[in-house]
Amino acid sequence: MPELPEVETVRRGLLPALEGQTFERVEQRRLDLRFALPERFDARLQGRRVMQLSRRAKYLLAHLDDDMVLLMHLGMSGSFRIEDRFVGEFHHPRSNAPNHDHIVFHMVGGKTITYNDPRRFGFMDLVGSRDLASHKFMAQIGLEPLSGALDGARLLSLFAARKAPLKAALLDQRLIAGLGNIYVCEALHRARLSPLRAAGSLKKGEADRLASRIVEVLGEAIEVGGSTLRDHRQTDGALGYFQHSFRVYDKEGSACPTPGCAGVIQRIVQSGRSTFYCATCQG
DNA sequence: ACCAGCTCCTGCTTGC
DNA sequence: TGCAAGCAGGAGCTGG
């Protein structure tokens with residue numbers, strides 16, 4: 001599912017269709033996604049104008065002209081597509097395939113923005129802008145890695161005394177926001193650090209390296225529109241390209257790309273999720 | 001406080 | 001070819 005670079009790509013794709021634009025009508029095809037949608041979700045959006053579309057961690061935030069914020073999370077399989085006019089449900093080649101277009105935003109001017117989410121792990125909520133910071137899902141979110149504030153010193157203090165492995169600590173959204181399974185694996189490989197290391201055991205030099213590799217890999221991914229594995233598409237249907245730059249993710253059995261390293265990428269399971277790394281050069 | 005495991009859901013891939 | 005198990009980019013919740 002979308003991690004920070006994919007969500008940022010989606011944000012940029014949605015900007016022209018959403019920012020400064022007004023909801024003419026909102027078609028809500030179910031009462032829940034992962035969670036129940038707020039009461040009168042469709043009615044409360046109708047007629048509202050989007051003043052700004054921002055991102056926090058993996059959340060998209062549409063700031064409305066009535067001081068409310070539409071909060072959106074894509075979960076594992078959520079995506080948006082923009083069309084000049086709604087062309088109807090997307091029909092899968094398989095008959096009986098259920099339709100997963102759950103919400104359609106009909107904008108003034110004729111464009112439609114359709115939220116599709118087969119696994120329905122995504123969710124949306126409406127919250128007053130003054131309550132945003134204390135919102136259940138926003139309050140715990142950690143450091144924004146591209147804010148300029150992520151460096152070795154910050155990493156050291158965030159990870160101090162933590163016994164959890166680096167892999168788990170980096171996935172913890174309360175510490176650093178926006179990293180997911182792909183970019184954690186990629187950043188650890190670039191920093192030549194083992195995903196199994198206790199987070200609290202990092203030395204200053206290692207933390208410096210890790211912080212700069214995280215910023216680097218996220219930046220590179222955003223530049224090319226994120227990674228497309230299965231579901232992620234840009235809002236115009238274009239594919240991201242960063243999957244071609246993976247060094248370890250989903251590369252089990254491949255030669256380690258680190259220059260001079262004779263290792264082979266292996267897959268292990270940590271906290272029930274796949275970790276890809278090179279045991280030879282990631283000490 | 002911290003951490004591991006389970007859970008939600010659908011669909012694609014893999015292995016027998 | 002068919003079928004079932006396994007796996008997937010997230011993250012809240014529970015229980016130790």
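Throughout, protein chains are lettered first and strands after them, A, B, ... in sequence-line order, and every chain is numbered starting at 1.
- Relative orientation of the A:Y249 and A:F276 rings is perpendicular, given thresholds of 30° and 60° on the angle between their planes.
- Which of C:dG10, C:dG12, B:dC2 sits closest to the side chain of A:Y59 comes down to C:dG12.
- For the residue pair A:S79 / A:N116, no side-chain donor-acceptor distance below 3.5 Å is found, with atom types taken as modelled.
- Listed for the A:R55 side chain is a donor-acceptor partner under 3.5 Å among the backbone atoms of A:A57.
- Within residues 210-224 of chain A, no residue has any heavy atom under 4.0 Å from DNA chain C.
- The phosphate of C:dA11 has OP1 or OP2 within less than 4.0 Å of a side-chain N or O from A:H73.
- Counting only distance, with no hydrogens or angles, the side chain of A:K111 and the backbone of A:P16 share no donor-acceptor pair below 3.5 Å.
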For a side chain to side chain donor-acceptor pair (under 3.5 Å) check, start with the C-alpha distance between A:T114 and A:D101, then their side-chain angles and the critical distance, and finish with the verdict. CA-CA 6 Å; A:T114 303; A:D101 288 350; 5.3 Å; no
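- Among the heavy atoms of the strands lying under 4.0 Å from A:F137 are primed sugar atoms or P, OP1, OP2 only; no base atom is included.
- Evaluation of atom-type donor-acceptor distances gives a pair under 3.5 Å for the side chain of A:R119 against the base of B:dC9.
- The stacking criteria are not both satisfied for A:F121 over the base of C:dA11, which would need a centre-to-centre distance under 5.5 angstrom and an angle between ring planes under 30 degrees.
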Given Watson-Crick and G-U pairs under 3.5 Å, DNA chain C in dot-bracket ([ ] crossing, | other strand) is .|||||||.|||||||
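- Taking the P atoms as reference points, B:dG5 lies 15 Å from C:dC7, given to the whole Å.
- Across C:dC3 and B:dC9, the matching P atoms stand 25 Å from one another, rounded to whole Å.
- Across all strands, A:R34 comes closer than 4.0 Å to base atoms (heavy-atom distances).
- With rounding to whole Å, A:L74 atom CG is found 19 Å from B:dC9 atom P.
- In this structure, A:Y59 and A:F137 have parallel ring planes: the angle between them is below the 30° cut-off, well short of the 60° mark.
- Closest to the side chain of A:K163, from the set C:dA8, B:dC3, B:dT10, is B:dC3.
- Close to B:dC2, at under 4.0 Å from its OP1 or OP2, lies a side-chain N or O of A:R162.
- The pair A:E216-A:R190 counts as a salt bridge, with a side-chain nitrogen and a carboxylate oxygen less than 4.0 angstrom apart.
- No engagement by A:G272 is indicated, since no non-hydrogen atom pair under 4.0 Å with the nucleic acid exists.
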Step by step, would you call A:T275 with A:Q270 a side chain to side chain donor-acceptor pair (under 3.5 Å)? CA-CA 7 Å; A:T275 296; A:Q270 290 180 283; 2.7 Å; yes
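- An OP1 or OP2 oxygen of C:dC7 is reached within less than 4.0 angstrom by no side-chain nitrogen or oxygen of A:R273.
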Start with the C-alpha distance between A:E6 and A:Y183, add both sets of side-chain angles, then the distance that settles side chain to side chain donor-acceptor pair (under 3.5 Å), and finish with yes or no. CA-CA 11 Å; A:E6 290 74 37; A:Y183 296 101; 2.6 Å; yes
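- Heavy atoms of A:F242 sit nowhere under 4.0 angstrom from any nucleic acid atom.
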